[in-house]
Amino acid sequence: MLDLNRLVMLRAVAMHGSISAAARELAYTHSAISQQLSLLERETGTALLEKVGRTARLTPVGLELVRNTEAVLAAMEHAETELAASHHQPRGIMTVAVYSSIARLLMPAALRTLMHEQPGLEVRLRRLDPQDAVLQLVGRRVDAVIVDTFSGTQLAPPGVIDAAEIGRDPVRGYLPEFHAVGSLEQLGRVPWVMEPADAPSTQWAMRVCREAGFEPNVVHESSDVLFHLRMVEAGLAAAFLPDLVVREARSRVAPSAMLPTEPERRILLLTRTGAAEHPAFHAVRSAVASALAKYVSSTVGNA
């Protein structure tokens with residue numbers, strides 16, 4: 001019989017691309033992972049990994065085994081969800097990863113609501129960047145993730161996570177005050193500030209600019225979107241800014257008519273496949289959605 005812990009280790013190698021990275025994620029030593037995967041290969045009677053430079057690549061048999069492991073883990077999540085649904089109210093401890101702006105603006109109010117309405121449920125927060133948060137969710141180090149996502153970007157391989165929408169937040173383009181722009185050619189010379197190149201928001205922004213007919217000149221890079229706003233206010237860079245960030249800062253910057261004004265980011269609650277109907281996740285999603293609606297309502301006209 002196959003050992004589930006070893007299957008999870010193989011899955012981690014598939015996710016992270018190396019035994020060393022899998023060991024860090026699962027808090028094991030490199031030698032412990034190697035030893036357990038060797039035992040798994042003996043159990044299956046076939047090679048599951050092959051080395052490619054400094055990385056480890058799964059063989060076709062290994063990949064099929066990981067796909068079957070995903071199905072087993074999803075079934076376990078589903079069983080836990082059905083068990084939890086038998087209780088009258090959500091209870092237990094849930095660890096939720098969340099990114100900065102949502103943590104600051106919405107989570108205190110959401111946690112206060114949960115404290116009064118769901119006294120048996122304890123929610124613990126971790127501030128993580130979206131990519132790290134998704135990896136920790138899949139690796140079972142957090143129970144859920146609140147994240148933003150942009151059209152055309154992918155958070156995780158299909159079939160690994162489920163996503164439930166909490167709400168939407170418009171994202172608008174802003175130009176620095178001291179840069180006179182009247183054409184696409186001039187727009188291409190304006191300095192921009194964006195998140196790191198591998199961030200979904202940046203991949204989305206680059207596509208939006210190119211579809212508008214210009215290549216953005218990305219001069220500054222930062223994961224701090226509030227810094228992006230300050231650069232716009234100082235007349236130093238252009239940026240795409242979510243409405244929540246502009247409202248939080250009570251900024252008076254105005255979006256540019258030359259840049260797209262329709263796109264939105266979706267704010268999602270992510271869970272592992274099979275766990276989406278867990279009553280605790282429903283309670284958290286409802287509390288955060290309510291906090292978002294109240295915040296937007298209270299700040300309309302004040303940005």
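Residues take their numbers from the sequence shown, with the count starting at 1. Keep in mind it's a predicted model, so treat the numbers as computed, not measured. Any value given below was found using the heavy atoms of this structure, including those in side chains, with hydrogens, waters and symmetry copies removed.
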Under a 4.5 Å cut-off applied to non-hydrogen side-chain atoms, are Val288 and Ile146 in contact? yes

Strictly distance-based, threshold 3.5 Å: is any side-chain N or O of Thr59 a donor or acceptor partner for the main-chain N or O of Ala47? yes

Can you list the steps and then say if Leu10 with Leu49 is a side chain to side chain contact (heavy atoms under 4.5 Å, CB included)? CA-CA 9 Å; Leu10 182 67; Leu49 290 168; 4.1 Å; yes

Just wondering, more than 12 heavy atoms not from Arg140 lying within 6.0 Å of its CZ? yes

Interatomic spacing from CG in Leu268 to CG in Asp162 - rounded to 0.5 Å: 11.5 Å

Is the count of non-hydrogen atoms from other residues, nucleotides or ligands lying under 6.0 Å from Arg141 atom CZ greater than 12? yes

Does a side-chain heavy-atom distance below 4.5 Å link Arg172 with Asp243? yes

If we only count heavy atoms from C-beta on, is the Arg11 to Val138 side-chain gap below 4.5 Å? yes

Distance from Arg285 atom CZ to Ser290 atom OG, nearest 0.5 Å? 13.5 Å

Quick check: is Leu39 connected to Ile33 through a chain of hydrophobic side chains (ILVMFWY, heavy atoms under 4.5 Å apart)? no

Under 3.5 Å donor-acceptor, Arg265 side chain and Arg168 backbone: no

Kindly compute the distance separating CG (Leu58) from CD (Glu64), expressed to the nearest 0.5 Å. 11.5 Å

For the side chain of Thr273 and the backbone of Ile161, is there at least one donor-acceptor N/O pair under 3.5 Å apart? yes

About how many Å separate CG of Leu292 and CG of Asp169, when rounded to the nearest 0.5 Å? 7.5 Å

Quick one: does Leu65's side chain get under 4.5 Å of Thr44's, heavy atoms only? yes

Student check: side-chain heavy atoms of Met206 and Pro216 closer than 4.5 Å: yes

Value rounded to 0.5 Å, distance of CZ in Arg104 from CG in Leu244: 10.5 Å

What residue pairs, at least two apart or across chains, pass side chain to side chain donor-acceptor pair (under 3.5 Å) with a residue in residues 193-206? Glu195-Ser201

So that I can tick it off, tell me whether Arg6 and Glu43 are bridged by a salt bridge, with the cut-off set at under 4.0 angstrom between side-chain N and carboxylate O. yes

Count I, L, V, M, F, W, Y as connected when their side-chain heavy atoms are under 4.5 Å apart, and connections chain through other members. Are Val208 and Val219 then in the same cluster? no

Looking at every heavy atom in both Val142 and Ala133, which two are closest together, and how far apart are they? CG2-O, 4.1 Å

Grouping I, L, V, M, F, W and Y whenever their side-chain heavy atoms are under 4.5 Å apart, do Leu37 and Leu63 come out in a common cluster? yes

Would you check if Arg266 and Asp148 make a side-chain contact, meaning some heavy-atom pair closer than 4.5 Å? no

Taking every heavy atom of Leu121 against every heavy atom of Val284, the minimum-distance pair comes out as CD2-CG2, 4.4 Å

List for me each residue that meets side chain to side chain contact (heavy atoms under 4.5 Å, CB included) alongside Glu221, sequence neighbours excluded, and say none if there are none. Pro196

Between the side chains of Ser251 and Glu233, is a donor N or O closer than 3.5 angstrom to an acceptor N or O? yes

When you look at OH of Tyr28, are more than 12 heavy atoms from neighbouring residues, nucleotides or ligands closer to it than 6.0 Å? no

Going through the distances and angles, do Glu264 and Phe150 end up as a side chain to side chain contact (heavy atoms under 4.5 Å, CB included)? CA-CA 7 Å; Glu264 296 177 312; Phe150 298 80; over 6 Å; no

Can you name the nearest heavy-atom pair linking Pro90 to Pro279, along with the distance? CG-O, 3.7 Å

Steps toward side chain to side chain contact (heavy atoms under 4.5 Å, CB included) verdict (Val218, His220): CA-CA 6 Å; Val218 182; His220 309 287; over 6 Å; no

Audit row: Thr29, Ser31, side-chain hydrogen bond (donor to acceptor under 3.5 Å, both in side chains) steps and yes/no: CA-CA 5 Å; Thr29 64; Ser31 60; 3.2 Å; yes

Taking all heavy atoms of Arg126 and all of Thr95, pick out the closest pair and write down the distance. NE-CG2, 3.6 Å

Say you draw a straight line from CD1 of Ile166 to CG of Leu270; how long is it, rounded to the nearest 0.5 Å? 8.5 Å

Closest non-hydrogen contact found for Val232 with Ala239 is CG2-CB, 3.8 Å

Check the pair Leu7, Leu40 against side chain to side chain contact (heavy atoms under 4.5 Å, CB included), reporting the backbone distance first and the verdict last. CA-CA 8 Å; Leu7 293 173; Leu40 183 60; 4.1 Å; yes

side-chain hydrogen bond (donor to acceptor under 3.5 Å, both in side chains) between Arg207 and Ser151, worked out: CA-CA 10 Å; Arg207 188 180 73 251; Ser151 63; 3.3 Å; yes

Where Trp192 and Leu259 come nearest, the two heavy atoms and their spacing: CH2-CD1, 3.9 Å

Same cluster or not: are Ile19 and Val61 linked, directly or through other Ile, Leu, Val, Met, Phe, Trp or Tyr residues, by side-chain heavy atoms under 4.5 angstrom apart? yes

Heavy-atom check, side chain of His228 versus side chain of Phe240, under 4.5 Å: no

ILVMFWY network linking Leu236 to Phe227, side-chain heavy atoms under 4.5 angstrom: yes

Is any side-chain heavy atom of Glu277 closer than 4.5 Å to a side-chain heavy atom of His282? yes

